[in-house]
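Predicted model, so just to flag it, every value in this text is computed and none were measured. Any value given below was found using the heavy atoms of this structure, including those in side chains, with hydrogens, waters and symmetry copies removed.
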Amino acid sequence: MSISLVAFFCKRLPKVALLIFLIASSATQSYAKDWAYTVKPNDTLWDLCLTYTTQKNCWLTVGEYNGVSYPPSLAPGTRIKFPVAWLKVQPVSAVMMFVVGDVQLTLPNGEVKPALVGDELPMDSEVKVSTGGTATLQFADGALLVLEENSHIVMDLLTQHQDTGMVNTQLNLLLGAAKSRVPKRQPRSNFSVSTPSAIAAVRGTEFRVSARAGQMQGEVFEGLVNIAKPHNTSLATHPKNTAPAAQALDVKKNYGINVKDGEALGEAIALLPPITWVTTADDVNLPYTLMWNVLPKASRYKVELLVSAKTEEVISSHYQVDNTWLLPIDKNQCFTVRISAIDAFNLQGMPAVRNICAAKPLPPIKQLTLDEYQLQWPPVEGAYMYRIESSVDSDFSSPILIDYTCQTAYQLTGEEKGLYIRVAPVDEQNRIGLAGIHIKVEPADSQGIIATILFMLMLAL
């Protein structure tokens with residue numbers, strides 16, 4: 001990564017107050033005199049006026065307002081402006097909460113700009129995420145949406161009822177993948193993500209939608225999501241000119257679905273379970289390699305590094321086949337790792353989440369003395385205690401724990417004769433530091449004989 005991961009943690013803290021203000025204000029503030037709507041297939045001025053406005057004879061006057069004559073239907077892509085005062089509900093904006101990599105915004109006025117934390121996205125804004133990037137958006141009801149790399153989404157509808165506080169969010173995922181977390185609240189919000197192949201309407205809290213040519217996939221991690229075919233699906237697109245067997249389906253937690261253009265909705269598919277970790281330590285030394293048990297039905301794994309799973313701030317994301325991953329961390333910091341197994345249908349399984357604090361290990365002890373079985377060593381800065389080990393060989397291929405001590409000295413019992421001894425510092429999170437020098441415990445008799453010989457030599461001289 002071109003930017004140090006530590007920068008993400010340092011830079012985000014001063015912006016918390018600003019972001020809270022932006023989110024709160026976006027729930028009630030109108031951002032333009034007019035609301036611009038992009039016409040979809042089969043839209044008419046009559047239908048748009050009935051759906052979105054309270055203005056009498058709107059369908060007669062809105063054409064003149066936009067400088068167009070009243071047609072029975074409008075060409076898809078046409079931009080129709082409605083005065084905000086005419087609307088049944090008032091527009092609100094989403095807020096860009098987190099950005100990694102190349103993320104571009106296209107605002108309703110046509111302006112194209114790089115996305116920045118704190119940017120407000122009114123209705124009809126577009127977000128494009130390039131390879132290696134991610135973007136996290138928050139909506140007026142607190143819902144979070146994470147756009148994955150190579151994704152393109154349009155804010156079709158962002159409104160809030162002034163009387164009830166109900167928030168309506170309709171997003172159009174043209175390409176890529178997006179994961180959403182919608183909070184349970186009263187009044188209940190309406191939140192949906194549409195793709196060219198199907199529409200996912202939320203009745204729960206957490207789900208993921210991906211769109212590619214001719215296909216939509218959805219996975220439900222929490223709650224219930226209604227998957228429906230678009231209303232304008234033509235019967236001619238189905239075999240033998242017959243309607244599909246199902247046009248809508250509720251998909252519950254732990255299940256996913258594949259939806260293809262021109263085909264009926266199939267049955268929901270059980271998602272793969274979460275992976276299990278080989279080790280579960282929360283505090284680790286760098287460098288550190290994550291290891292998890294192979295899931296037999298997994299074709300690969302999705303590996304994500306996040307600031308926090310609660311805020312859905314994704315630092316990096318990638319896919320891999322191996323069940324090990326060397327953390328791309330080079331400085332002391334805490335973070336979240338989320339790993340999901342991918343099945344043969346390319347559906348993302350239930351995630352396994354792990355919070356980890358990683359740190360560079362404490363330096364080794366470079367001085368170690370032994371006098372009458374009394375071990376002594378200099379203190380190591382940052383050490384909370386010390387680990388004393390023995391081994392039958394000098395390379396400590398099979399170390400044996402003797403004891404822990406908070407002191408910089410330790411009295412051996414004499415049972416360690418002939419063994420090698422070393423001491424390693426341990427920090428407050430119980431992370432064992434680097435191994436230092438070792439010393440061999442010589443038998444007492446040998447030491448006495450040597451001392452006697454040296455004494456006699458001194459007398460002879």
Side-chain angles (χ1 to χ4, degrees), residues 1-9 100-101 131-132 134 146 148-149 272-310 312-343 348-365 380 382-387 389 391 393 395-401 404 422-436 438:
M1 288 178 288
S2 59
I3 302 176
S4 172
L5 299 183
V6 178
F8 290 108
F9 299 90
V100 173
T131 301
T134 64
V146 178
E148 300 178 15
E149 65 175 355
L272 291 179
I275 58 98
T276 56
W277 306 102
V278 173
T279 59
T280 58
D282 296 330
D283 298 288
V284 300
N285 275 333
L286 295 174
Y288 185 77
T289 298
L290 276 172
M291 299 180 65
W292 57 93
N293 296 303
V294 173
L295 208 56
K297 295 183 179 180
S299 62
R300 55 183 179 149
Y301 303 93
K302 182 179 182 182
V303 182
E304 298 175 282
L305 188 65
L306 302 92
V307 175
S308 168
K310 293 182 179 180
E312 287 292 341
E313 295 174 316
V314 180
I315 299 172
S316 67
S317 175
H318 73 277
Y319 294 87
Q320 65 177 57
V321 176
D322 296 335
N323 64 317
T324 63
W325 183 49
L326 178 64
L327 289 176
I329 308 293
D330 58 6
K331 291 186 178 1
N332 300 358
Q333 58 192 277
C334 298
F335 50 86
T336 298
V337 173
R338 184 166 61 202
I339 298 180
S340 306
I342 311 298
D343 65 14
Q348 182 174 308
M350 298 299 291
V353 179
R354 183 172 164 188
N355 298 315
I356 298 176
C357 288
K360 288 187 174 181
L362 294 176
I365 292 172
V380 174
Y384 179 68
M385 57 183 174
Y386 299 90
R387 176 186 172 95
E389 298 176 336
S391 175
D393 49 49
D395 61 3
F396 282 78
S397 57
S398 300
I400 300 172
L401 173 65
Y404 286 94
R422 71 181 182 186
V423 180
V426 181
D427 67 15
E428 290 191 63
Q429 285 72 41
N430 294 324
R431 289 182 288 241
I432 301 173
L434 297 176
H438 58 267

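- In terms of modelled atom types and a separation under 3.5 Å, the side chain of R422 and the main chain of R387 share no donor-acceptor contact.
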Residue pair T279, V284: steps toward the side chain to side chain contact (heavy atoms under 4.5 Å, CB included) verdict = CA-CA 11 Å; T279 59; V284 300; over 6 Å; no
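- Pairing each heavy atom of P274 with each of A352, the nearest pair is CB-CB, 4.1 Å.
- Contact of the V100 side chain with the S316 side chain is not registered, since no non-hydrogen atoms from C-beta on lie closer than 4.5 Å.
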Where do V278 and N293 land on the side chain to side chain contact (heavy atoms under 4.5 Å, CB included) test, with the steps shown first?
-> CA-CA 6 Å; V278 173; N293 296 303; 3.8 Å; yes
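- Heavy atoms only, all atoms of each residue included: N332 and A359 are closest at OD1-CA, 3.2 Å.
- In terms of heavy atoms, L362 sits closest to A383 at CD1-CA, 3.7 Å.
- Checked against side chain to side chain donor-acceptor pair (under 3.5 Å), S391 has the following partners two or more places apart in sequence or in another chain: D393.
- Residues W325 and I339 are not in side-chain contact: their nearest non-hydrogen atoms beyond the backbone lie 4.5 Å or more apart.
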Compile the donor-acceptor pairs under 3.5 Å between side chains in residues 294-307 and protein atoms, sequence neighbours left out, one pair per line.
| unit_1 | atom_1 | unit_2 | atom_2 | d |
| --- | --- | --- | --- | --- |
| S299 | OG | I342 | O | 3.1 |
| S299 | OG | D343 | O | 3.4 |
| R300 | NH2 | N346 | OD1 | 2.9 |
| Y301 | OH | L295 | N | 3.1 |
| K302 | NZ | E148 | OE1 | 3.3 |
| K302 | NZ | E148 | OE2 | 2.7 |
| K302 | NZ | Q348 | OE1 | 3.3 |
| E304 | OE1 | R338 | NE | 2.9 |
| E304 | OE1 | R338 | NH2 | 3.4 |
| E304 | OE2 | R338 | NH2 | 3.4 |

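- Looking only at distances, no side-chain donor or acceptor of E149 sits under 3.5 Å from a matching main-chain atom of T131.
- In this structure a side-chain-to-backbone donor-acceptor pair under 3.5 Å is present from Y386 to V380.
- Using cut-offs of 30° and 60° on the angle between ring planes, the pair W292 and W277 is perpendicular.
- Atom CG in L327 sits 9.5 Å away from atom CD in Q333 (nearest 0.5 Å).
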Show your reasoning for whether side chain to side chain contact (heavy atoms under 4.5 Å, CB included) applies to N323 and M291.
-> CA-CA 6 Å; N323 64 317; M291 299 180 65; 5.7 Å; no
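- Between P361 and G433 the shortest heavy-atom distance is CB-CA, 4.2 Å.
- In terms of heavy atoms, E389 sits closest to F396 at O-CE2, 4.0 Å.
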What do the steps show when you test D283 against N430 for side chain to side chain contact (heavy atoms under 4.5 Å, CB included), and what is the final call?
-> CA-CA 8 Å; D283 298 288; N430 294 324; over 6 Å; no
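- Scanning both residues, K360 and L286, for their nearest heavy atoms gives N-CD1, 4.1 Å.
- Residue Y384 qualifies as open at atom OH: its count of foreign heavy atoms under 6.0 Å is 12 or below.
- Under the rule for a side chain to side chain donor-acceptor pair (under 3.5 Å), the partners of N355 that lie at least two apart in sequence or sit in another chain are T336.
- From D282, atom CG reaches atom CD1 of I356 across 8.0 Å, with rounding to the nearest 0.5 Å.
- Using modelled atom types, one side-chain atom of D427 and one backbone atom of Q429 make a donor-acceptor pair closer than 3.5 Å.
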